[in-house]
Amino acid sequence: MEPIFTRFSNKISDLAGRPTTFTVALAAIAIWAILGPFFDFSARWQLVVNTCTTIMTFWMVFVLQNSQNRDRIALQAKIDELIRVSDAENRYIGIEKLDERELKEVRRNCMQEGADAREAENGVTRTDCKA
């Protein structure tokens with residue numbers, strides 16, 4: 001089931017982000033609005049658009065979240081590999097799992113190290129941030 005949903009999610013995410021899709025959605029809403037007077041702006045007329053937009057929104061939340069999750073995991077794997085094969089500190093691999101307080105501390109240390117390096121008169125070629 002997962003590979004099928006992944007392919008489906010990729011395809012829908014790709015289609016949803018196209019200008020043509022936006023134009024079709026805009027046209028559908030315009031047609032619905034134009035048809036309002038013909039249906040005396042009835043509750044059924046309103047129910048049609050409310051139901052359709054609710055279903056589409058519910059559906060797209062899961063499709064787009066799946067796509068974002070995979071993109072995030074792939075990007076993190078690429079970053080981890082760059083850290084692993086470079087002179088960067090390997091202790092930064094996996095820090096995305098730290099809680100917010102710990103991440104802010106790591107970021108604060110990196111910012112301070114960067115500021116210190118910029119202020120050094122003799123120039124520092126590389127500054128290690130302390131986790």
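Only this structure's heavy atoms are used, side chains among them; waters, hydrogens and symmetry mates stay out.
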Measuring from W32:CH2 to Q46:CD, what's the distance to the nearest 0.5 Å?
6.5 Å
Pair Q65-N69, side chain to side chain donor-acceptor pair (under 3.5 Å): steps then yes or no:
CA-CA 6 Å; Q65 188 62 52; N69 287 348; 2.8 Å; yes
Any Lys/Arg nitrogen of K78 or E81 sitting under 4.0 Å from an Asp/Glu carboxylate oxygen of the other?
no
More than 12 non-hydrogen atoms from neighbouring residues, nucleotides or ligands closer than 6.0 Å to CZ on R70, yes or no?
yes
hydrophobic_cluster_shared for I31 and F39, side chain cutoff 4.5 Å:
yes
Give a yes or no on whether the backbone of T54 and the side-chain of T57 come within a donor-acceptor separation of less than 3.5 Å.
no
Quick check: is V24 connected to I12 through a chain of hydrophobic side chains (ILVMFWY, heavy atoms under 4.5 Å apart)?
no
Keeping the roles fixed (side chain from D99, backbone from R101), state whether a donor-acceptor pair exists under 3.5 Å.
yes
For P19, is there any backbone N or O sitting under 3.5 Å from a side-chain donor or acceptor partner on T23?
yes
Can you confirm whether the side chains of D80 and Q76 place a donor and an acceptor under 3.5 Å from each other?
yes
Hey, are the side chains of V106 and Y92 touching, using non-hydrogen atoms and a 4.5 Å cut-off?
yes
Worked check of side-chain contact (heavy atoms from CB on, under 4.5 Å) between T6 and N10:
CA-CA 6 Å; T6 297; N10 283 339; 4.0 Å; yes
Any residue meeting side chain to side chain contact (heavy atoms under 4.5 Å, CB included) with I73, in chain and number order, not counting sequence neighbours
none
Evaluate I79 against E96 for side-chain contact (heavy atoms from CB on, under 4.5 Å), listing each step before the verdict.
CA-CA 11 Å; I79 292 170; E96 69 278 2; over 6 Å; no
Any idea which heavy atoms bring I95 and L103 closest together, and the distance?
O-CD2, 3.2 Å
Is it the case that the side chains of Q112 and D116 hold a donor-acceptor pair, with the cut-off being a distance below 3.5 Å and no angle test?
yes
Measuring from I4:CD1 to S9:OG, what's the distance to the nearest 0.5 Å?
13.5 Å
Listed by chain and number, what are the side chain to side chain donor-acceptor pair (under 3.5 Å) partners of D71, not counting sequence neighbours?
none
Would you call the rings of F58 and F62 parallel, tilted or perpendicular if under 30° counts as parallel and over 60° as perpendicular?
perpendicular
Would you please test N66 and F8 for side-chain contact (heavy atoms from CB on, under 4.5 Å) and show each step?
CA-CA 10 Å; N66 177 269; F8 174 76; over 6 Å; no
I'd like to know if M56 and L64 are part of one continuous hydrophobic network [Ile/Leu/Val/Met/Phe/Trp/Tyr, side-chain heavy atoms within less than 4.5 Å].
yes
Between the CG atom in L98 and the CD atom in E105, the distance rounded to the nearest 0.5 Å is 11.0 Å
Could you state whether F41 and V48 fall into the same hydrophobic cluster, counting links through intermediate Ile, Leu, Val, Met, Phe, Trp or Tyr residues with side-chain heavy atoms under 4.5 angstrom apart?
no
Determine whether L75 and R72 satisfy the following criterion, side-chain contact (heavy atoms from CB on, under 4.5 Å), listing intermediate values before the conclusion.
CA-CA 5 Å; L75 182 61; R72 179 185 50 80; 5.8 Å; no
Between E100 and K104, is there a side-chain N and carboxylate O pair less than 4.0 Å apart?
yes
Could you see if M60 belongs to whatever hydrophobic cluster contains I55? Use Ile, Leu, Val, Met, Phe, Trp, Tyr and a side-chain cutoff under 4.5 Å.
no
By salt bridge (Lys or Arg N to Asp or Glu O under 4.0 Å), which residues pair with R18, not counting sequence neighbours?
D14
Atom pair CZ (R84) and CG (N90), whose distance is rounded to the nearest 0.5 Å:
8.0 Å
